[in-house]
Amino acid sequence: MDGRYAEAEAEARAVAEARSVLRLDSYAPLALSVAALATCAQGRHAEALAAYDELLPVFGRTFGAEHPQTLKLRSDRAQTLVRLDRYAECEAECAAVARIADRGAGSLMPLTAGAARNGLIFALNKQGRHEEAEALARETLAAHPAPNRLTLVLRLGLTRALNGQGRHEEALAEAERAEALRRKTPDNLSRTETGAVELAFANALLGLGRTAEARTRAMAAHGACRAAFGPDHHRTIEARALLDRIDGT
């Protein structure tokens, strides 16, 4: 939560190693799932996916196929797939997790379903299915009205969908709502979205022909993402590509 991903990865692996000698221990796989999250946050997406693939059967045996921890792992894995351009697989897995969470009981299930739908929105946008992404983003926002990190990422998904349809004025207004929400969200809860609001603004501004403003926002996004996640993270790469696109116009 403090953005110290390399330290988090090392500590989680140390916990897993220390617990590995214990039979049927649930903390070791949980620690490895934290390590996978930290690995992904550093831009090592393929490595994170391999870790999730190894953990999935372990979580199924340890917690059960429809336990919130197993569903969260599946959702995290699915959203790693999209970082590797495996959009259709991400779409199918996020939809499956959301369906299971919808029929589950307990306080964690609505959040699990919302997170999975956020991954689904991202996958739809990446496949150019922006109208579907918009409809799902609005539906999910209506189900999660409380201002929090989930609301923030859903608004960012909606902004991306509107930009994808060429509705840049609406996208700019939505980006402003996302920025206002980010300002109200504690840094430790919004750190994983570093640079995302600036990218949303940059795309909307570029679509409106406000190139200089778009470049300023894209530069801010790139610098923030590189500092927070490193050069290989998907958002750092996206910001760099947008800057190259702006400079090529």
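- Taking all atoms of both residues into account, the shortest heavy-atom contact from A133 to A161 is CB-CB, 4.0 Å.
- Across every non-hydrogen atom of A96 and R74, the tightest pair is CB-NH2, 3.7 Å.
- Summarising the local packing, CD of E17 is surrounded by 12 or fewer heavy atoms from other residues, nucleotides or ligands at distances under 6.0 Å.
- A heavy-atom distance below 4.5 Å is not found between the side chains of E170 and Q165.
- Heavy-atom minimum distance, T236 versus G230: OG1-O, 2.9 Å.
- No donor-acceptor pair under 3.5 Å is formed between the side chain of T140 and the backbone N or O of G114.
- For the pair D102/R117, a side-chain contact is recorded, criterion being any heavy-atom separation below 4.5 Å from C-beta on.
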Intermediate values then yes/no, side chain to side chain contact (heavy atoms under 4.5 Å, CB included), E91 and R129: CA-CA 11 Å; E91 176 188 353; R129 292 155 59 188; 2.8 Å; yes

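- Judged by distance alone, with hydrogens and angles left aside, the side-chain atoms of H144 form no donor-acceptor pair with the main-chain N or O of L150 at under 3.5 Å.
- Residues L208 and E213 have side chains not in contact (no heavy-atom distance under 4.5 Å, counting atoms from C-beta outward).
- A 4.5 Å side-chain heavy-atom check between R191 and M1 finds every atom pair outside the cut-off.
- Contact annotation: the side chain of Y52 approaches that of L37 to within less than 4.5 Å [non-hydrogen atoms, C-beta and beyond].
- In this structure, E198 pairs ionically with R182, as a charged nitrogen and a carboxylate oxygen lie closer than 4.0 Å.
- Atom CD of E11 has 12 or fewer heavy atoms from other residues, nucleotides or ligands within 6.0 Å.
- Taking OG from S33 and CD from Q69, the interatomic distance works out to 7.0 Å, rounded to the nearest 0.5 Å.
- Put simply, L156 and L162 are part of two different groups of oily side chains (I, L, V, M, F, W, Y) that touch within less than 4.5 Å, one to the next.
- Atom CD of E89 is separated from atom CG of L49 by 8.5 Å, given to the nearest 0.5 angstrom.
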Using salt bridge (charged side-chain N to carboxylate O under 4.0 Å, His left out), reason through D247 and R215 one step at a time and then give a plain yes or no. CA-CA 8 Å; D247 290 341; R215 192 179 195 285; 2.7 Å; yes

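- Within 6.0 Å of atom CD in E54, 12 or fewer heavy atoms from other residues, nucleotides or ligands are found, so the atom counts as exposed in its surroundings.
- One distance of note links CG of L199 with OG1 of T159; it measures 11.5 Å at 0.5 Å rounding.
- Applying the side-chain hydrogen bond (donor to acceptor under 3.5 Å, both in side chains) test between N125 and each of E134, R160, H130 identifies H130 as the sole match.
- T70 and E66 form no side-chain donor-acceptor contact under 3.5 Å, judged by distance and modelled atom types alone.
- Without hydrogens or angle criteria, T112 side chain to K72 main chain gives no donor-acceptor distance under 3.5 Å.
- Rounded to the nearest 0.5 angstrom, E47 CD and T80 OG1 are separated by 11.5 Å.
- A239 and A218 get closest at one heavy-atom pair: CB-O, 4.3 Å.
- In the displayed structure, R167 atom CZ is contacted under 6.0 Å by more than 12 heavy atoms of other residues, nucleotides or ligands.
- V97 and L73 fall into different hydrophobic clusters, where Ile, Leu, Val, Met, Phe, Trp and Tyr are joined by side-chain heavy atoms under 4.5 Å apart, directly or via other members.
- In this structure, the separation between CG on L189 and NZ on K184 is 15.5 Å, given to the nearest 0.5 Å.
- Contact annotation: the side chain of T192 approaches that of R149 to within less than 4.5 Å [non-hydrogen atoms, C-beta and beyond].
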Should D85 and Y87 be marked as a side chain to side chain contact (heavy atoms under 4.5 Å, CB included) after you check the CA-CA gap, both sets of side-chain angles, and the distance that decides it? CA-CA 5 Å; D85 300 336; Y87 306 129; 2.7 Å; yes

Could you walk me through whether L152 and S190 pass the side chain to side chain contact (heavy atoms under 4.5 Å, CB included) check? CA-CA 8 Å; L152 173 60; S190 63; 4.3 Å; yes

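- With sequence neighbours left out, the ring pair (Phe, Tyr, Trp, His ring centres under 6.0 Å) criterion links Y5 to no other residue.
- Between R155 and the choices E174, E179, E176, the side-chain hydrogen bond (donor to acceptor under 3.5 Å, both in side chains) rule is met once, by E174.
- Hydrophobic clustering of Ile, Leu, Val, Met, Phe, Trp and Tyr side chains at less than 4.5 Å, counting indirect connections, keeps F63 apart from L111.
- Residues L32 and L56 fall within the same hydrophobic cluster, defined by Ile, Leu, Val, Met, Phe, Trp and Tyr side chains chained together at heavy-atom separations under 4.5 Å.
- The cluster map of Ile, Leu, Val, Met, Phe, Trp and Tyr, joined by side-chain heavy atoms under 4.5 Å apart, puts V153 and L120 in the same cluster.
- Ion pair R44/D232 not flagged as a salt bridge, since none of the NZ, NE, NH1 or NH2 atoms sits closer than 4.0 Å to an Asp/Glu carboxylate oxygen.
- Across all their heavy atoms, T194 and R235 have their closest contact at O-NH1, 2.8 Å.
- The shortest side-chain heavy-atom distance between L124 and F122 does not fall under the 4.5 Å cut-off.
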Can H45 and H233 be said to form a side chain to side chain contact (heavy atoms under 4.5 Å, CB included), step by step? CA-CA 8 Å; H45 306 303; H233 191 268; 4.1 Å; yes

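- Between the CZ atom in R86 and the CD atom in E93 there is a gap of 11.0 Å [rounded to 0.5 Å].
- Side-chain atoms of D2 never come within 3.5 Å of backbone atoms of R4 as a donor-acceptor pair (strictly under, hydrogens ignored).
- The environment of CE in M109 is crowded: more than 12 heavy-atom neighbours from other residues, nucleotides or ligands sit within 6.0 Å.
- Between V197 and A175, the closest heavy-atom pair is CG1-O, 4.2 Å.
- You'll find the side chain of L242 reaches within 4.5 Å of the side chain of L206, heavy atoms only.
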